There are 2 protein chains.
Amino acid sequence: MKLGQATIKDIAKALNVSSSTVSRALKDYPGISKETKRKVKELAEKLNYRPNAVALSLRKSKSFTIGVIIPEVVHFFFSTVISGIEEIAFANGYNVILCQTNESLSREMSSVDTIISNQIDGLLISYSKETTDFSHFQKLIDHNFPIVFFDRVPELPNTVNVTVDDYSGAKEAVKHLIDQGYQKIFHLAGPKNLLISTHRLDGYKDALKESNREFDPTMVESCPIGTEEESFGIITKVFQESDVRPDAVFAANDIAAAGAMRAVKSLGLRVPQDVGIVGFSNWQFSSMVDPPITTVSQPGFKIGERATQLLLKMINKKEEDPFEPITEILETELLVRGSSLKKD
Amino acid sequence: MKLGQATIKDIAKALNVSSSTVSRALKDYPGISKETKRKVKELAEKLNYRPNAVALSLRKSKSFTIGVIIPEVVHFFFSTVISGIEEIAFANGYNVILCQTNESLSREMSSVDTIISNQIDGLLISYSKETTDFSHFQKLIDHNFPIVFFDRVPELPNTVNVTVDDYSGAKEAVKHLIDQGYQKIFHLAGPKNLLISTHRLDGYKDALKESNREFDPTMVESCPIGTEEESFGIITKVFQESDVRPDAVFAANDIAAAGAMRAVKSLGLRVPQDVGIVGFSNWQFSSMVDPPITTVSQPGFKIGERATQLLLKMINKKEEDPFEPITEILETELLVRGSSLKKD
DNA sequence: TTGTACGCGTTATCAA
DNA sequence: TTGATAACGCGTACAA
């Protein structure tokens, strides 16, 4: 059942030296005879010796492990972020412990708890849709525990955050719809407690304003659940009941955009001639549907990389170094595709 | 920088008792006075005491952590498996350390190494496309270290595996194409060293045989890379150059199917009227493209769950219990969609 | 009912 | 150049 892994003691015993000598020999400490060093290394090699990381953690109070807490793994954007995290962690000799919360606050709290008692060196987190109270993070922050928020970032002082410029991305997307000649643009918004939803909504509003259009509150509806069916339902209803039917939809994510497209098509309208559609996130499917969906791509991999780099920097900084809260905002990119090209 | 986590010692000192008393009080050992127990628990609560998992690991040689090594995180099927793994692990109080190999053998080997020195209790693995030599796993197997292979499973004795019935899934898919009246079915196969590729190919062959059709070796081509572009290229070439143009494509995965569909369309052929297409895996996008792609769905979540259940069983079995190698094969399901419906 | 001592594997410190 | 010892945090056999 157990791996008969050799320890320093085994080597010491076999060579009739003390374990401290073995330890030093293995780490090329000065003041060890060539001969001893050779013998130790030889035997270590032969026994396939690997230092016990758990003992090291205990000794050094450092585990070379970081925790990642994420709402969902089965999500194109988040899995991309994880990939970026894993790359940087691996390159720096760190392990990654992964927890998914399934958007549940209680699970998020319990994950923080267990992960912390596992002595991780730092934490990367994108909090759940349910999270409105941040005291379980505040404790950590107060203790100067290294923690980086990504994508969904809180409005807390003294935090390190990595996110994308949701505001500009949304604004650019809506301006593009306006440029294409769409008149009445409906916005399928995200959950209200997420800052990213607010930012995208703000971008939508300001794009309208800068084109001298009225903001019409009936042209915005929130999608708290986030399924394709939800947005299908909303859009179907809106398009049937509105006095003035919208001729474009800007959705806060691609799933919602896909639902909107299906709804519009099922009402016998054509995309993009009758209705223009733009999504957010560049999910994999969005380029493969017909017509392909114009979307605002977020650099998920880069977010993961950058967040991890910042976290490692926090972990490895000297105790006395000043702590610098920062919010890094990465650029989005509007990928114009068929679903919004009214003009040719 | 560090979390000022309270330890048993802190509590002991504050209460003027020995740490063993505290330890026992916290764990409701018999033979502790009610009064002491109360005081200890009270203070532990107040100090937000959490046992140090690292110290526990060292003490017990058990970490309540399992390792997961996977080719890629950004992959619908694998991320679904991870999700299933995470659920079962979480429910049983286990942590998950995640490593992705990016389909690289050397990275796979180094991941096994670091993860093992982290004293994980068991390992879940789907090996890389490059892996043809299994000695880095054989070592573990020989030591009776708990390890479960999933999806991509090796032909090794004494292993525990969870996979899907690729053979039957493929056979059913090809039979469906035959039923729909397609005559010449091309097979885009997966990498040759993966058993799943072989099984799917066998299913393809046997479906033909059972319908009394000749197997034509020129009607099979392998996609070692696995990108949409690769299959686009292959199918374009095949459809232009074949003496008798195929009228259906069975692809070993949905990405390849999508590439095939794009290729076929760009040649001016219609799907499904002129060419039928079936994929494998039920990636998220496959239901959202036009026409939606018929595909063989694999129960990714279930695979993750089942593999983890088996692993935990291995981990927690008594030393003397017999070890039972097993290969669990989960059923696939053919999801018939527009891309293969010639008949109405 | 409670305390002492030891060990899990490693390394830092001090002594030889 | 090497060895003995203590410590990281915890659990437990043994002693009191």
Side-chain angles (χ1 to χ4, degrees), chain A residues 1-41 43-44 47-65 93 114 116-121, chain B residues 1-41 43-44 47-65 93 114 116-121:
Chain A
M1 194 77 163
K2 295 172 58 176
L3 238 37
Q5 277 292 23
T7 72
I8 281 192
K9 274 189 188 171
D10 297 329
I11 300 180
K13 204 170 291 177
L15 260 45
N16 247 322
V17 294
S18 75
S19 30
S20 19
T21 302
V22 174
S23 171
R24 283 186 285 236
L26 288 171
K27 322 200 76 191
D28 288 321
Y29 263 56
I32 290 278
S33 76
K34 286 231 153 71
E35 181 57 10
T36 317
K37 198 187 278 189
R38 192 189 54 72
K39 280 202 287 190
V40 168
K41 290 201 168 178
L43 187 57
L47 297 180
N48 191 32
Y49 169 79
R50 294 280 177 281
N52 181 323
V54 171
L56 279 175
S57 292
L58 187 58
R59 184 71 234 275
K60 306 244 185 179
S61 313
K62 174 148 172 57
S63 60
F64 283 97
T65 300
T114 55
I116 289 297
S117 66
N118 265 299
Q119 308 301 105
I120 53 165
D121 294 338
Chain B
M1 195 76 163
K2 294 172 57 176
L3 236 39
Q5 277 292 23
T7 72
I8 280 192
K9 272 191 192 169
D10 297 328
I11 300 182
K13 203 170 292 176
L15 259 44
N16 248 321
V17 295
S18 77
S19 31
S20 33
T21 303
V22 176
S23 170
R24 283 185 285 236
L26 287 172
K27 321 201 77 191
D28 288 322
Y29 262 56
I32 290 278
S33 76
K34 285 234 155 69
E35 181 57 10
T36 316
K37 198 187 280 188
R38 193 190 53 74
K39 279 203 286 191
V40 168
K41 290 201 170 180
L43 187 56
L47 297 181
N48 191 31
Y49 168 79
R50 294 280 178 279
N52 180 323
V54 171
L56 280 177
S57 293
L58 189 59
R59 180 77 229 277
K60 305 245 185 181
S61 313
K62 174 147 172 61
S63 61
F64 283 97
T65 300
T114 55
I116 289 298
S117 67
N118 262 46
Q119 310 300 106
I120 52 165
D121 294 338

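Here is the naming used below: chain letters follow the sequence lines, and residue numbers restart at 1 for every chain. What you see is a predicted model; the values in this text were computed from it and never measured.
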OP1 or OP2 of D:dC10 under 4.0 Å from side-chain N/O of B:Tyr49
yes
Separation of D:dG11 C1' from B:Leu58 CG (nearest whole Å)
12 Å
Give the rounded distance in Å between these two atoms: CD1 of B:Ile32 and P of D:dT12.
13 Å
Integer-rounded Å distance: D:dT1 C1' and A:Arg38 CZ
17 Å
Short side-chain to backbone donor-acceptor contact, A:Asp121 and A:Lys62, under 3.5 Å
no
Name the nucleic acid region contacted by A:Val17, choosing base, sugar-phosphate or nothing; use a 4.0 angstrom heavy-atom cut-off, strictly under.
sugar-phosphate
Is there a salt bridge (Lys or Arg N to Asp or Glu O under 4.0 Å) between B:Lys41 and B:Asp28 once you walk through the steps?
CA-CA 10 Å; B:Lys41 290 201 170 180; B:Asp28 288 322; 2.9 Å; yes
What's B:Ser20 touching, base or sugar-phosphate or nothing? Going by heavy atoms closer than 4.0 Å.
base
Over all strands shown, is B:Ser33 touching base, sugar-phosphate only, or nothing at heavy-atom distances under 4.0 angstrom?
sugar-phosphate
D:dT2 P sits how many Å from A:Leu26 CG, rounded?
13 Å
How close or far is atom P of D:dG9 from atom CZ of B:Arg59, stated in whole angstroms?
16 Å
Taking only N and O in the side chain of A:Thr7, is any of them less than 4.0 Å away from OP1 or OP2 of C:dG9?
no
If you compare every side-chain N and O of A:Tyr29 against the phosphate oxygens of C:dA12 (OP1, OP2), does one of them come in below 4.0 Å?
yes
To the nearest angstrom, the NZ-P distance between A:Lys27 and C:dT11 comes to 5 Å
A:Lys9 or A:Ser19: which one's nearest nucleotide on DNA chain C is closer to the 5' end?
A:Lys9
What integer distance in Å separates A:Lys34:NZ from D:dT1:P?
9 Å
If we ignore hydrogens and angles and just use 3.5 Å, is the side chain of B:Ser23 paired with the main-chain N or O of B:Ser19 as donor and acceptor?
no
D:dG11 phosphate, OP1 or OP2, under 4.0 Å from B:Ser23 side-chain N/O:
yes
A:Thr65 vs A:Asn118 side-chain heavy atoms within contact, under 4.5 Å:
no
Distance in angstrom units between B:Asn52 CG and D:dA7 P, rounded:
18 Å
Would you state whether a donor and an acceptor, one from the side chain of A:Arg24 and one from the base of D:dG3, lie under 3.5 Å apart?
yes
Is the shortest side-chain N/O distance from B:Lys60 to OP1 or OP2 of D:dG11 below 4.0 Å?
no
Looking at side-chain heavy atoms only, is the closest gap between A:Leu56 and A:Pro51 below 4.5 Å?
yes
Indicate, with a heavy-atom threshold strictly under 4.0 Å, whether A:Thr36 touches base, sugar-phosphate, or nothing.
sugar-phosphate
Just to confirm, is there a sub-4.0 Å distance from OP1 or OP2 of C:dG3 to any side-chain nitrogen or oxygen of B:Thr21?
yes
